[in-house]
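Remarks on the structure that follows.
It should be emphasised that the depicted structure is a prediction, and the values quoted were computed from it without experimental measurement. Residue numbers start from 1 in every chain, and the chains themselves are labelled A, B, ... in the order their sequence lines are given, proteins ahead of strands.
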Amino acid sequence: MRFFFVFFFCILSTPLFAQQKNKLVFHHLFTNKPLVFNENYILKNKDTVSIQTFKYYISSIQFLKNKKVVWKEKKSVHLIDEENSPSKIIDLDNMPDGIEFDEISFNIGIDSATNYAGVQGGDLDPTKGMYWTWQNGYINFKIEGKSTFCKTRNNAFQFHIGGYENGLATLQKISLKINNKKPLEINLDVEKLIEQINLSTQNEIMQPCKEAVEIANKLSLLFSIQ
Amino acid sequence: MRKLIYLLFIIFVGFVSFKTIEPLFVIPKGWQKPTYDFTKNKLTQEKINIGRALFYDNILSKDSTTSCASCHLSYTAFAHTDHALSHGINNRIGTRNAPALFNLAWSKKLMWDGAINHLDAQALAPIHNKDEMDETITHVVEKLNASILYKKLFYAAYNDSMITGEKTLKCIAQFLVTIQSYHSKYDSVMNHQSTFTNQEKKGYHLFQKNCASCHAEPLFTNNELVTNGLIVDETLNDMGRMKITQNVNDSLVFKIPSLRNIEFTYPYMHDGRFKKLSEVITHYTSTVQPYKNLPNQLKKAIVLTSNEKVDLIAFLLTLTDRHFLYNRAYQFPKNILTTTKDKQ
C-alpha cells in the first residue's frame, strides 16, 4: 500500500519536475498582440501590412553571469518558424539546474564557419527553405508579406536576410538582461522592424547586399524579454 | 588432398576479389592534397551509386525531362559540347556554358563566378534554377521518399531509409568527386611511360611560359578567379564575380577552367563564345582588353607565330584522357536505373 502511494506520488509529480526544465520560448507579436498571419495591420502612417512568412535561425545560445559565460548550448542551431509552433519553444535539456545567470546571448543567423562547411542536416537541412541555391549561404532571417505601400505584384514584399563574407556579413549577436525565471520568454515585435523600413522604396532583398546588412543591424530592435 | 584443393580455392577466390577492389578515390602521384574534406562525407560505394543514379535521373527536374546528364555528358568530359549556353527544362536557354566536370575534389569555388563554395551545396543551384531543372530540393526529397527504389538504395547506404536533403546532396557530391581525369598522354609523359613528339614538346614550353601561371599543372587550373580580358557580350552583360561580391575589382572575373580534355569541351569560355582552340589562342594574342583588374601576366601581349600556335594546340590535345571519357563507372547506371517503372 505504501509502495503504491510512493508510486502515485512520483507519477503525479513528474509534470512538476518537468516544468523545472529550462526552456526558451519565443513569442511573435505585432503591436503587442500575438502575430496572426494574413491579418491586416494598420501602421501609424495608415498603411496596411500583413505577414505571410516569418522564420529565422537562432544559434550559439549562451548564458552569462556578471559578463562571464556560465553555460552554453552545444551544437546550438534552431530554426524558429511562426508556421511551426513547436519550433518556437527551445528545450535546453542539457542545461544543469541551479545555474545562476543575469544575461542571455544568442545569434540571429548562422556563423560563417557553418556557411563554409557545405550542406548539413537537421534544422540546417536545405529542404527547410533557408538556404540560397544559386549561391552558397543560409538565409538568417526571412519575412514576407503584403503592404498597400508596395507597388509590386500583389503588393508583396520579401526580405531574405543573409550573407557572411565579402564585407556583407549579417550575423547579429543579441544580448538581453534576464533573471532566473522559467521558462524564459522572449518577445519579437515584428512591427518594430516593419516601421523601420520604407516599404514604398524597399520591398525586396533576396541576396547578400548592403541593404541586407542595414536591415540585419536593426534586428536587435525586435527583441525584448517578457 | 581435398582439403588442400579447398584451401587453394579459398585463397584464389580471396585473391581475385581482393584484386578487384579499386580505391574509390585516388590522389595521383605528385598531386597536391584535395580541398574536399572527405572526413565530413566518407565515401562508400553505396552512396556513390546513389549519387550516380541521381545524376542520371530526371526525377530531379520539375517535369521529369531533365537530369544533370542532360547538360553534363560523360563522353565529352561532362561538358555540353556544341551548346554555347546551357539547355534546360522546356528548352529554356540559360546564360552560361555548362562546364566540364572532373577533379572536383580539388576545386575551391564552383561555378563560373565562384558563387558556390562547397561541392555538397552545388546541386541545389541547377535543381532550383528556373532555366535548368525548375524544382525545389524539398519536393525532390518528397519524391525520393515516395520511391521504392530510392528507399532501398538509401537504406543500403545509411541503414535508414529516411531520405533528407543533406543525404541527397552529399550522395551527389560523392559521385562528383569520384569523376577523375589523370590518364592523358600528358600524364603518361610525366610518369615516364610515354614521350611528347617534338611539336608537343615545343607546345609544352610555350604553354609553361604563357599559360601555366593560371592553368597550372597538373590540374591545369590554379582554381582561382580572374579576368582574362574578354570583351563583354552585350546580349548577356554577365559581369561574373562582381554580381556575387558587388566589388568593381571583380568585374568580368570568372573561374579559371581546367584545360584537361579541352579537345572535347568546346565551345569555350563562360558564354561559349569560341568554337575552336585557335580562336581562343587568337584571343590571348590579339583581343585581350586592358581592364584595370587584368592580371599582370596578360598585360603584355602574348606573341606567338602561326607555327607556335599550332604547336601550342598540339600540346593541348595531349590533355585528352580517353580512359576517363569512356569510363563506364561514370556512365548511365543501367544496373540501378533499369526502367522508369522501378522508380514509380
Side-chain angles (χ1 to χ4, degrees), chain A residues 53 55 57 75 77 79 81 83-84 87 110-140 142 144 153 158 160-171 204-216, chain B residues 35-41 94-96 108-111 113-145 158 160 162-173 241-247 249-250:
Chain A
T53 306
K55 55 205 270 197
Y57 279 112
K75 293 197 182 142
V77 179
L79 177 59
D81 183 352
E83 214 157 26
N84 171 19
S87 75
I110 301 301
D111 64 10
S112 66
T114 311
N115 271 301
Y116 280 114
V119 161
Q120 283 149 78
D123 274 0
L124 291 171
D125 197 285
T127 51
K128 305 280 177 191
M130 292 292 274
Y131 198 88
W132 272 307
T133 56
W134 50 274
Q135 94 178 74
N136 274 111
Y138 284 96
I139 298 169
N140 290 337
K142 202 182 222 186
E144 296 176 352
R153 192 165 159 259
Q158 281 178 300
H160 296 184
I161 307 301
Y164 59 96
E165 59 177 358
N166 303 319
L168 299 171
T170 51
L171 189 75
E204 189 175 275
I205 296 180
M206 305 286 273
Q207 69 178 81
C209 57
K210 277 209 304 284
E211 293 75 19
V213 176
E214 281 162 20
I215 291 195
Chain B
T35 42
Y36 191 78
D37 185 354
F38 288 93
T39 63
K40 299 259 163 63
N41 189 14
T95 57
R96 286 186 182 151
K108 296 175 195 155
K109 297 231 185 301
L110 298 141
M111 311 311 243
D113 54 11
I116 308 272
N117 67 22
H118 202 294
L119 192 60
D120 294 355
Q122 191 282 330
L124 287 168
I127 291 172
H128 283 250
N129 190 318
K130 293 259 175 298
D131 295 330
E132 294 179 358
M133 302 172 119
D134 198 13
E135 246 302 0
T136 67
I137 185 69
T138 316
H139 191 226
V140 164
V141 168
E142 272 170 31
K143 289 195 279 186
L144 295 176
N145 271 316
Y158 289 91
D160 176 0
M162 181 68 189
I163 302 169
T164 65
E166 181 190 21
K167 288 180 191 167
T168 305
L169 293 165
K170 283 191 165 166
C171 285
I172 295 176
R241 187 145 182 80
M242 193 170 106
K243 187 177 159 220
I244 304 297
T245 62
Q246 311 196 357
N247 180 337
N249 295 328
D250 288 327

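In this structure, no portion of B/Lys40 lies under 4.5 Å from any heavy atom of chain A. Heavy atoms closer than 4.5 Å to chain A are found in both the backbone and the side chain of B/Ile116.
When the side chain to side chain contact (heavy atoms under 4.5 Å, CB included) test is applied to A/Glu144, the partners found at least two apart in sequence or on another chain are A/Thr53, A/Lys142, A/Gln158, A/His160. Every residue meeting the side chain to side chain contact (heavy atoms under 4.5 Å, CB included) condition with B/Lys243, not counting sequence neighbours, appears here in chain and number order: A/Trp134.
Under a cut-off of 6.0 angstrom, the local environment of NZ in B/Lys108 is crowded, with over 12 non-hydrogen atoms contributed by other residues, nucleotides or ligands.
The CD1 atom of B/Ile244 sits 7.5 Å away from the CD atom of A/Gln207 when rounded to the nearest 0.5 Å.
No other option in A/Asn115, A/Leu168, A/Asn166 has as many heavy-atom pairs under 4.5 Å with chain B as A/Asn166. For chain A, the option among B/Asn117, B/Asp113, B/Thr138 with the highest count of heavy-atom pairs below 4.5 Å is B/Asn117. Taking B/Ala123, B/Gly114, B/Ala121, B/Ala173 one by one and counting their heavy-atom pairs under 4.5 Å with chain A, the maximum is reached by B/Ala121.
Of residues 125-136 of chain B, those residues lying under 4.5 Å from chain A by any heavy-atom pair are B/Ala125, B/His128.
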Enumerate, atom names and distances included, each donor-acceptor pair closer than 3.5 Å involving a side-chain atom of residues 117-128 of chain A, sequence neighbours excluded.
from: A/Gln120; atom 1: NE2; to: A/Thr114; atom 2: O; distance (Å): 3.4
from: A/Gln120; atom 1: NE2; to: A/Gly118; atom 2: O; distance (Å): 3.3
from: A/Asp123; atom 1: OD2; to: A/Leu79; atom 2: N; distance (Å): 2.8
from: A/Asp125; atom 1: OD1; to: A/Thr127; atom 2: N; distance (Å): 3.0
from: A/Asp125; atom 1: OD1; to: A/Thr127; atom 2: OG1; distance (Å): 2.7
from: A/Asp125; atom 1: OD1; to: B/Gly165; atom 2: N; distance (Å): 3.2
from: A/Asp125; atom 1: OD2; to: B/Gly165; atom 2: N; distance (Å): 3.2
from: A/Asp125; atom 1: OD2; to: B/Glu166; atom 2: N; distance (Å): 2.9

